[in-house]
There are 2 protein chains.
Amino acid sequence: MKKIFLTPLLALSLTACSLSGTQESALRGTGDLGVIIERADGNVLIVEHSNNEILARVEGLGDLSHASVVFSRDARYGYVFGRDGGLTKIDLLKQRIDKRIIQGGNSIGGAISEDGRLIAVGNYEPGGVKVFTADTLELVADIPATALADGSKNSRVVGMTDAPGQKFMVSLFDTGEIWIIDFSDKTTSEPQITKFENIGKQPYDSMLTPEGRYYMAGLFGEDGLAMLDLWHPEKGVTRVLDGYGKGEQPLPVYKMPHLEGWTVADDKVFVPAVGRHEVLVIDQKTWQQKDRIEMIGQPVFVMARPDARQIWVNFAVPDNQYVQVIDSETAEIIKTIEPGPGVLHMEFSPRGEQIWISVRDRNEVQIWDTATLEHLYTLEADSPSGIFFTNRAHRIGL
Amino acid sequence: MKKIFLTPLLALSLTACSLSGTQESALRGTGDLGVIIERADGNVLIVEHSNNEILARVEGLGDLSHASVVFSRDARYGYVFGRDGGLTKIDLLKQRIDKRIIQGGNSIGGAISEDGRLIAVGNYEPGGVKVFTADTLELVADIPATALADGSKNSRVVGMTDAPGQKFMVSLFDTGEIWIIDFSDKTTSEPQITKFENIGKQPYDSMLTPEGRYYMAGLFGEDGLAMLDLWHPEKGVTRVLDGYGKGEQPLPVYKMPHLEGWTVADDKVFVPAVGRHEVLVIDQKTWQQKDRIEMIGQPVFVMARPDARQIWVNFAVPDNQYVQVIDSETAEIIKTIEPGPGVLHMEFSPRGEQIWISVRDRNEVQIWDTATLEHLYTLEADSPSGIFFTNRAHRIGL
C-alpha cells in the first residue's frame, strides 16, 4: 500500500492549514509523532505512527549526516543535532522550526536532561560540551574538553547521553576520558564534573543500559570496552569484553557499529561484532561472551523489540540491503528480509507491534509488522536515515 | 509551596478559554499530562507534570472507587474505568468528556490493546469481558465468562491487562481460570480465546512483568500465585511462591495488596507481603523468596523508580499516613516519610525525578523529589486516589 508522497508544497499548505484551521483540526496529541531525517537535503519529515502518515516536511536544518533527535518532556518539540554544529528545535505541532542555532563547529550528538530543562551537546570542534535551556536554547554552560598534550586543541567529545540524577555522560576521544557532568544542584548552573582518566584509547561511541545504570564506551584504539557503573562511580571505570574490537577484525571494518544499538533482552546483551558477520551474546551479569550468532553481514544496529522477544539487526555495506530478525530466547535467526539498498536505521512503535525501517537508496521508509514479519506500508522520503518517535521523551538514555 | 486551588468554575473557564482561545494558547503537547481520580465526587483532574499544575476538573464520571485509567496511543485521550461499569473517554486537550457509556454493571478495570485500537473491560456483573473500539466506544466483542456450576451467574472477571501480540489477559475469580484473549487476527473481530482452568482458588488480581512475558494472578482462596509464561503458554499455568498469601497472615488483612504494584528491580522482584509488615524480595529467575524487609505497615503498592534504584511503598490502614523508600540494591529502608493520612497511590514522573503521592484525607496531591527525598509542591484535590500519567500509553501492561 503506497502512501501518497507529500511534496514540500503540500507540507507547507498542511502547515498553514493547521495554523489557521479550526480548533478541532489543530488539536492533536503528540504521543504518536516522530521525526525522520532526510540527510541529503537537510530536511526532516514529521510523521505519526497511529495512521502511518507523513504530516509535513521541515526544511533548512543544514548538514544532517549522523543527525540524532531528542524530544521535550511534553513530546511537542524535537531537538535535532546536526553534524555541522547546528541545534534545531522543531515544533511538531506547528510543523516548523521553533529556533535554530549553530552551537559548535562539528557535533556528534546531544541529550536532554532528566527533568527536560537542559539540552547538552558534545562537540568535535571545538572540543567540549555546551548546555542550553530547552525552552529558548540560551547557553547555560560551556565546558571545554581537556586540551591535547601539544596544546593544539581540545579533545573531541563523543558518546553523549543523559543519565538518572540530572546527569550527562560523555567520552573524550583524544584524551581517553569519561566524564559525569552533574546538574543536580539546582542552586547553580555550574555542573559538578567527575573525570575518569586513562579509560582506554579513543572512545568513539557509548551506550547506557536501559535502566540507566551502566555506561559503556567502545574503544576505537584498542580492544575491549570501558564500563562505568553509575550506581558505584567510586569503583571507577573497568574494562569488559577484552576480546571486543580491533583484535576481532578478519575483515575490513566498513563501519564501526553503533553502540546505542546494543540491546538487553532475556538477561542477554546482544552486541554487534566489529569487523565480523556476527552478533555477540553477552551474559548480563558477568559481561562475558556466551554465544555468537552468524549473520549475513557486519551488524550496525542491534535492536530489541520493546517486549524483548525479537532482535532486529541491520548491516554495513555491502550487505546493507538486508535486515535479520533474531529470536532472543533461542538466539536463532527467524527471518531474513530485504527492504532494499541502504537500510540505515530502524525504530519500533512504542509497544513494538510495528517497526519503521529507513531504506535510503530507495527513498523509502518501510513499515513492517513485527508479529507476521510482513511489509505493511511504504512512505516516500528523500534519502531517509534516522527515525525517532516521541515516546523517547520518557526514556532514560534516549 | 502551595499551588492555587483550581475551582470547578475556574476549571470551566480555563476549558472555555482553551476552546475559544488562539491557536497559540490551545496547542500543546500531551506527553506531560495526567489524570487524578477524585473518588468521592466522581470527578477527575487533568494535570501536567512539567510545571506541576492542575489544568482542569472534569465532572460526572460516576462511581470512581478503585477507578483506573489507560491512555490512547497519541496520549490525547484517557479512558477511565469506573466501579459502576462506566467507561468514560476524556479529551485531555478539550478538557471534557468525549464519550461516556455504562458498559456493564460492576467493573474492576480495563486495558488498551497493543495497537491502541481496542479497549477491553473486565466485569464483575454481569461476569464477562466487553471490548470496544477506542475511537468511538462501539462494542466489538462481548465475551461471557464461564457460568458457575449452579448456573446462577457467570464468573466475575478480574486482573485485566494488555499483553504483547494484541492480546488481553484476564482471570476468572469464581471459576479459577486464566484466559488469553487474542485479537491478533485482523481479519475478524472474533478473538481467539485460550482458557487455562484449575489455576487456583479465587484469583483476585494480577500483574504482568514489565516486558510483558509473565502474567501472575494472586489467589484469595489459597496460598501461592498462579503464573503463566506468555512466551510458552503450552507449558500451562504453574504455581509459584507457595508460601504467599493466606498462610502468611498473623495479622488481620486490612487490604489485599495490589499486584500491579509489584516491581522488578536489579534482578529482584519486590512483593507486598499479605497480612504482614513486610516487603518480600523474590529472585527473578527462580521465583523463590530470598529476603524479607521489615516495614512500618502492611504494604499496598510497591513501586520501583524508573531507573530501578529505589522502591517506594505505601501502606494499608492503620499505617496509611506513611511512605517508605527502599534501596533496591541493599534492600534497606533509606527513608520513612509521612505525607499524611490516606496515602492511596503514587505515580513517578516518566524518568523518575519526581513522584506524585495522593493523600486522600488531606485533600492533597504531594510532589516529592526522589533524589533529595524532599517535599516540593502540594496540589489541592478532593479525596484524590489514583494518579496516572500519559506516558503509560507507551508501556506494556499499563
Side-chain angles (χ1 to χ4, degrees), chain A residues 18-21 23 26-33 48-50 71-77 91-94 113-117 162-166 184 211-213 230-232 265-267 284-285 305-309 329 349-354 371-372 389-391 393-396, chain B residues 18-21 23 26-33 48-50 71-77 91-94 113-117 162-166 184 211-213 230-232 265-267 284-285 305-309 329 349-354 371-372 389-391 393-396:
Chain A
S18 73
L19 290 177
S20 60
Q23 194 72 27
L27 279 181
R28 66 156 298 141
T30 55
D32 58 350
L33 298 181
E48 68 104 299
H49 52 69
S50 290
F71 294 97
S72 61
R73 63 178 293 150
D74 64 359
R76 174 175 179 173
Y77 299 98
D91 186 330
L92 301 179
L93 288 175
K94 293 187 175 179
S113 62
E114 180 181 65
D115 69 357
R117 304 276 191 265
D162 64 277
Q166 194 68 356
S184 60
E211 82 293 299
R213 175 171 181 176
L230 296 179
W231 290 15
H232 295 288
D266 193 29
D267 306 318
Q284 194 181 346
K285 298 277 139 295
R305 198 171 67 177
D307 70 348
R309 192 68 188 84
E329 187 176 39
S349 56
R351 290 210 251 165
E353 73 278 12
Q354 295 181 349
T372 63
F389 292 151
T390 54
N391 59 298
H394 312 305
R395 298 279 308 282
I396 294 165
Chain B
S18 72
L19 289 176
S20 60
Q23 194 70 27
L27 279 180
R28 65 156 298 139
T30 55
D32 58 350
L33 298 181
E48 69 103 300
H49 54 68
S50 290
F71 295 97
S72 61
R73 62 178 294 150
D74 64 358
R76 174 175 179 172
Y77 299 97
D91 186 330
L92 301 179
L93 289 175
K94 293 187 175 181
S113 62
E114 180 181 66
D115 68 357
R117 305 278 191 266
D162 64 278
Q166 194 68 357
S184 61
E211 82 294 302
R213 175 170 182 177
L230 296 179
W231 291 14
H232 295 289
D266 193 28
D267 305 318
Q284 193 182 348
K285 298 279 140 291
R305 198 171 68 177
D307 70 348
R309 190 69 187 85
E329 189 177 38
S349 57
R351 291 211 251 165
E353 74 279 10
Q354 296 181 348
T372 62
F389 293 152
T390 55
N391 59 298
H394 312 305
R395 298 280 309 280
I396 295 165

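None of these values were measured; they are calculated from a predicted model. Here is the naming used below: chain letters follow the sequence lines, and residue numbers restart at 1 for every chain.
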* Asked: When only pairs under 4.5 Å are counted, which of G165(A), S184(A), S113(A), G352(A) shares the most heavy-atom pairs with chain B?
  -> S113(A)
* To do: Would you mind checking which part of S349(B) comes under 4.5 Å of any heavy atom in chain A, side chain (CB onward), backbone (N, CA, C, O), both or neither?
  => side chain
* Structure fact -> When every non-hydrogen atom of D307(A) is compared with those of P164(B), the smallest separation belongs to OD2-CB, 3.6 Å
* Asked: Roughly how far apart are H394(A) NE2 and T390(B) OG1, rounded to 0.5 Å?
  -> 5.5 Å
* To do: Measure the shortest side-chain to side-chain distance between L27(B) and R76(A) over non-hydrogen atoms and say whether it is less than 4.5 angstrom.
  => yes
* To do: Supply the atom-to-atom distance R309(B) CZ to R213(A) CZ, rounded to the nearest 0.5 angstrom.
  => 7.0 Å
* Of the backbone (N, CA, C, O) and the side chain (C-beta and beyond), which part of D162(B) lies under 4.5 Å from a heavy atom of chain A, both, or neither? -> side chain
* Asked: So do R73(A) and H49(B) actually touch side chain to side chain, heavy atoms under 4.5 Å?
  -> yes
* Structure fact -> On a heavy-atom basis, the closest approach of A75(B) and G31(A) is CB-CA, 4.0 Å
* To do: Can you measure from CZ (R305(A)) to CD (E211(B)) and round to the nearest 0.5 angstrom?
  => 12.0 Å
* To do: Count the heavy-atom pairs under 4.5 Å between each of D74(B), L92(B), N391(B) and chain A, then report the option with the highest count.
  => D74(B)
* Asked: What part of A371(A) lies closer than 4.5 angstrom to a heavy atom of chain B: side chain, backbone, both or neither?
  -> neither
* **Value rounded to 0.5 Å, distance of CG in L33(B) from OG1 in T30(A)** => 8.0 Å
* Asked: Could R117(B) and E353(A) be called an ion pair, given the rule that one side-chain N must be under 4.0 Å from one carboxylate O?
  -> no
